[in-house]
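What you see below is based on every heavy atom in this structure, not just the backbone, and it leaves out hydrogens, waters and symmetry mates. Being a predicted model, the structure only gives us computed values, none of them experimental.
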Amino acid sequence: MLVSLSSLSLLTLFFIMLIASGLSGLLYLHPRVPLSFVRIHIGIVTLPPLVSLLAFANTTINGINDHIGPWHLDSLAWLMAFFVLSIGLIIQRFSVRFLMGDRSYRKYFLFFTFTTCVASVAWLSSDLRLIVTFWGATLIGLTFLIRINNQWKVASEAAKVTGRLLAVSWLSLLIAVIWLFQVTGQWQLSLALTNENLAQIQGWESTGINLLIVLAVIIPAAQFPFQRWLIESVVAPTPVSAIMHAGLVNVGGIMLTRFSPLFNGDIASIALLILASISVLIGSGISLVQVDYKRQLVGSTIGQMGFMLIQCALGAYIAAIIHLILHGLFKATLFLQAGSAVRRFEASNRVNENLSYLWILAGRALGLIVGVAFWLMAPGEGYQLISAIILGWSLSLSWTQLIAFGEGKIGRIAGLFILGSVAGVYFIISHLFYNWLDTIFYESAQPPMSIVLIVVSLLVFGSAIGPWVARNRSSISFTVLYLWLLKLGEAKPRAVDPHPNYFRQNLEQGGNK
């Protein structure tokens with residue numbers, strides 16, 4: 001009883017802080033409120049993530065997994081709330097000076113606060129209706145952030161494309177939720193996914209619900225063939241791109257984790273695995289051929305979200321959550337320092353001519369050894385073989401980029417140090433997360449091993465064909481692949497403004513309105 005009362009108190013305090021943050025954003029809209037009030041607003045916005053951190057620590061230490069009314073208060077829910085709100089706080093703090101002078105300056109902070117607050121509540125919910133409602137509100141907030149400078153036709157066009165696709169995603173989730181209720185008679189997610197109710201979801205109904213959830217996931221994750229909206233959204237201000245890539249496109253990890261008992265390795269899991277694998281290759285290719293820094297980051301996000309969804313399709317949900325959080329922190333940092341990226345750093349021709357194939361072979365061998373060792377240490381879990389292959393492949397690619405392509409002895413030593421440091425930090429963080437989420441067990445059947453091996457073969461083929469094509473730049477194959485990837489990474493003409501008319505008009509009208 002004491003534990004439940006403590007959880008209720010923390011939940012109540014959390015919602016009070018969220019309401020205070022929203023009211024602060026609304027108050028800041030009033031023109032008589034001085035611009036300096038934004039400092040107070042940032043202070044108020046700091047409170048919800050602090051409360052969620054306290055709740056997460058309390059839940060983790062005491063092993064709490066409470067259901068209070070329509071709310072599911074486990075460590076995963078509080079972790080997601082803390083993550084989203086913290087990312088939002090950092091970006092809002094950055095925006096205080098970055099967006100100063102923009103005519104929509106006041107509205108930015110209201111929409112930022114609204115979007116992060118409703119996103120955090122969505123995954124505290126256990127009621128399917130609340131999940132759909134709050135996630136829909138999150139998508140609306142994101143669309144308004146993209147079109148906040150609606151006088152700029154390019155931004156309005158990007159918002160239209162985004163709004164249409166995200167509406168399809170939300171409708172898919174809505175239909176899946178209603179269908180799930182019709183079969184199980186339960187609005188509470190935990191009750192709908194009991195073994196007794198899952199036994200009622202068979203055959204085409206199971207496949208239909210799962211396919212709808214997969215569709216609801218791959219659209220906001222910008223997976224093939226729905227990557228267009230994320231590419232065109234680069235016209236949004238940099239802080240908007242940061243919150244989009246760091247805290248919203250990776251919703252697939254948490255959504256699939258919550259609905260994981262539904263997936264039984266059927267056609268929906270296979271479709272997710274195939275589309276995510278194709279997206280990894282396309283996203284990586286886009287990031288390599290683009291010269292626009294933000295579009296490079298878009299390609300990287302498409303590829304990283306593909307990896308995260310592959311982990312979900314294979315049943316590695318905690319690994320996907322770790323990937324979600326680390327990618328969010330990393331990508332937010334890259335976007336917030338985008339203004340410093342005045343040119344793209346590429347390997348010089350001298351480095352390309354002096355590639356050491358011995359170092360490349362050493363990286364391949366190291367990746368194979370680490371992958372086999374990982375698989376032998378944990379042979380009991382079905383997805384460990386594929387995880388081992390992906391780990392070995394990733395290590396091999398990282399070795400090639402950081403060490404084999406290093407400039408001389410100093411460059412390779414630095415690359416080795418960076419690779420070792422990143423690996424050490426990752427394993428420490430992974431160990432902590434597995435301990436924090438050890439009370440969360442989510443299991444689902446993996447797709448057939450034959451399908452998984454085909455997908456892995458596709459990824460390996462993609463990683464092998466890239467260097468071959470790059471060494472034959474005068475070939476037709478290189479030209480076709482380059483132009484195809486370039487086309488995939490470019491926005492439609494209506495979403496591109498060759499002349500910055502918006503900025504000229506803004507300057508003529510005084511800049512700040």
What is the distance from atom OG of S52 to atom CG of L85, rounded to the nearest 0.5 Å?
5.5 Å
Given S279, which of Q227, Q223, Q304 fulfils the side chain to side chain donor-acceptor pair (under 3.5 Å) condition?
Q223
Can you tell me if CZ on F144 sees more than 12 non-hydrogen neighbours from other groups inside 6.0 Å?
no
Can you tell me how far apart CH2 (W170) and CD1 (I175) are? Round to the nearest 0.5 Å.
9.5 Å
For the pair I254 and V251, evaluate side chain to side chain contact (heavy atoms under 4.5 Å, CB included) and give the outcome as yes or no after the intermediate values.
CA-CA 6 Å; I254 177 66; V251 66; 4.1 Å; yes
Give a yes or no on whether the backbone of F134 and the side-chain of T138 come within a donor-acceptor separation of less than 3.5 Å.
yes
T133 side-chain N/O to L130 backbone N/O, donor-acceptor pair under 3.5 Å
no
Min side-chain heavy-atom separation V177-W187 under 4.5 Å
yes
Tell me if a side-chain donor or acceptor on Y28 pairs with a main-chain N or O of L35 at a distance below 3.5 Å.
yes
Just by distance, do the side chain of T60 and the backbone of A57 share a donor-acceptor pair under 3.5 Å?
no
Which heavy atom of S241 sits nearest to which heavy atom of F335, and what is that distance?
CB-CE2, 3.5 Å
Beyond-backbone contact of R129 with F181, side-chain heavy atoms, under 4.5 angstrom:
no
Nearest atoms (heavy-atom pairs only) where I87 meets G328:
CD1-O, 4.2 Å
Please say which of H245, K331, H327, R295 ends up in a side chain to side chain donor-acceptor pair (under 3.5 Å) with S300.
K331
When every non-hydrogen atom of S21 is compared with those of P48, the smallest separation belongs to OG-CG, 3.4 Å
Is the backbone of L262 close enough, under 3.5 Å, to the side chain of N210 for a donor and an acceptor to pair up by distance?
yes
Determine, stepwise, if the pair W229 / R164 fulfils side chain to side chain contact (heavy atoms under 4.5 Å, CB included).
CA-CA 9 Å; W229 77 267; R164 292 190 195 106; over 6 Å; no
Separation between CG of L309 and CG of L314, rounded to the nearest 0.5 Å:
11.0 Å
Between the side chains of D102 and K107, is the shortest nitrogen-to-carboxylate-oxygen separation below 4.0 Å, so that they form an ion pair?
no
Using the rule given for side-chain hydrogen bond (donor to acceptor under 3.5 Å, both in side chains), can you reason through H41 versus T113, listing the C-alpha separation, both sets of side-chain angles and the distance that settles it, and then say yes or no?
CA-CA 10 Å; H41 173 73; T113 303; 3.1 Å; yes
Ignoring hydrogens, what is the shortest heavy-atom contact between T116 and G88? Give both atom names and the distance.
CG2-CA, 3.8 Å
Rounded to the nearest 0.5 Å, the OG atom of S269 sits from the CG atom of L256 at a distance of 9.0 Å
Yes or no on side chain to side chain contact (heavy atoms under 4.5 Å, CB included) for I325 and M80, after CA distance, side-chain angles and deciding distance?
CA-CA 9 Å; I325 293 175; M80 288 298 100; 3.8 Å; yes
Taking the side chain as everything from C-beta on, heavy atoms only, tell me whether I243 gets closer than 4.5 Å to T115.
no
Close side-chain approach of I286 and Q296, heavy atoms under 4.5 Å
no
Start with the C-alpha gap between Q188 and H72, add the side-chain angles, then the distance that decides, and say whether side-chain hydrogen bond (donor to acceptor under 3.5 Å, both in side chains) holds.
CA-CA 10 Å; Q188 287 287 105; H72 184 191; over 6 Å; no
Return yes when atom CZ of F226 has more than 12 non-hydrogen atoms of other residues, nucleotides or ligands closer than 6.0 Å, and no otherwise.
yes
Shortest non-hydrogen contact from R106 toward P34:
NH2-C, 4.3 Å
Would you say the side chain of V214 lies within less than 4.5 Å of the side chain of F259, judging by non-hydrogen atoms?
no
Among I140, L248, L142, the one residue meeting side-chain contact (heavy atoms from CB on, under 4.5 Å) with L166:
L142
For S125 and V121, indicate whether the former's side chain and the latter's backbone hold a donor-acceptor pair under 3.5 Å.
yes
Testing the 3.5 Å rule here: is there a donor-acceptor pair between the side chains of T162 and E232?
no
Euclidean distance, S206 OG relative to W179 CH2, rounded to 0.5 Å:
9.5 Å
Establish, yes or no, whether a centroid distance under 6.0 Å links the rings of F82 and F56.
no
M255 pairs by side-chain contact (heavy atoms from CB on, under 4.5 Å) with which of V217, N250, I131?
V217
Derivation and outcome, side chain to side chain contact (heavy atoms under 4.5 Å, CB included), residues I91 and V240
CA-CA 8 Å; I91 294 173; V240 176; over 6 Å; no
Contact between T257 and I318 at the side-chain level, heavy atoms closer than 4.5 Å - yes or no?
no
Measuring from I213:CD1 to S169:OG, what's the distance to the nearest 0.5 Å?
11.5 Å
Going by heavy atoms in the side chains, are L99 and F94 under 4.5 Å from each other?
no
Grab the two heavy atoms, one from L180 and one from L128, that are nearest each other, plus how far apart they are.
CD2-CD1, 4.0 Å
Kindly say whether Q92 contributes a backbone atom to a donor-acceptor pair with the side chain of Y108 at under 3.5 angstrom?
no
For the residue pair L145 and M244, establish whether any side-chain heavy-atom pair is separated by less than 4.5 Å.
no
Ring-ring centroid check F83 W123, cutoff 6.0 Å
no
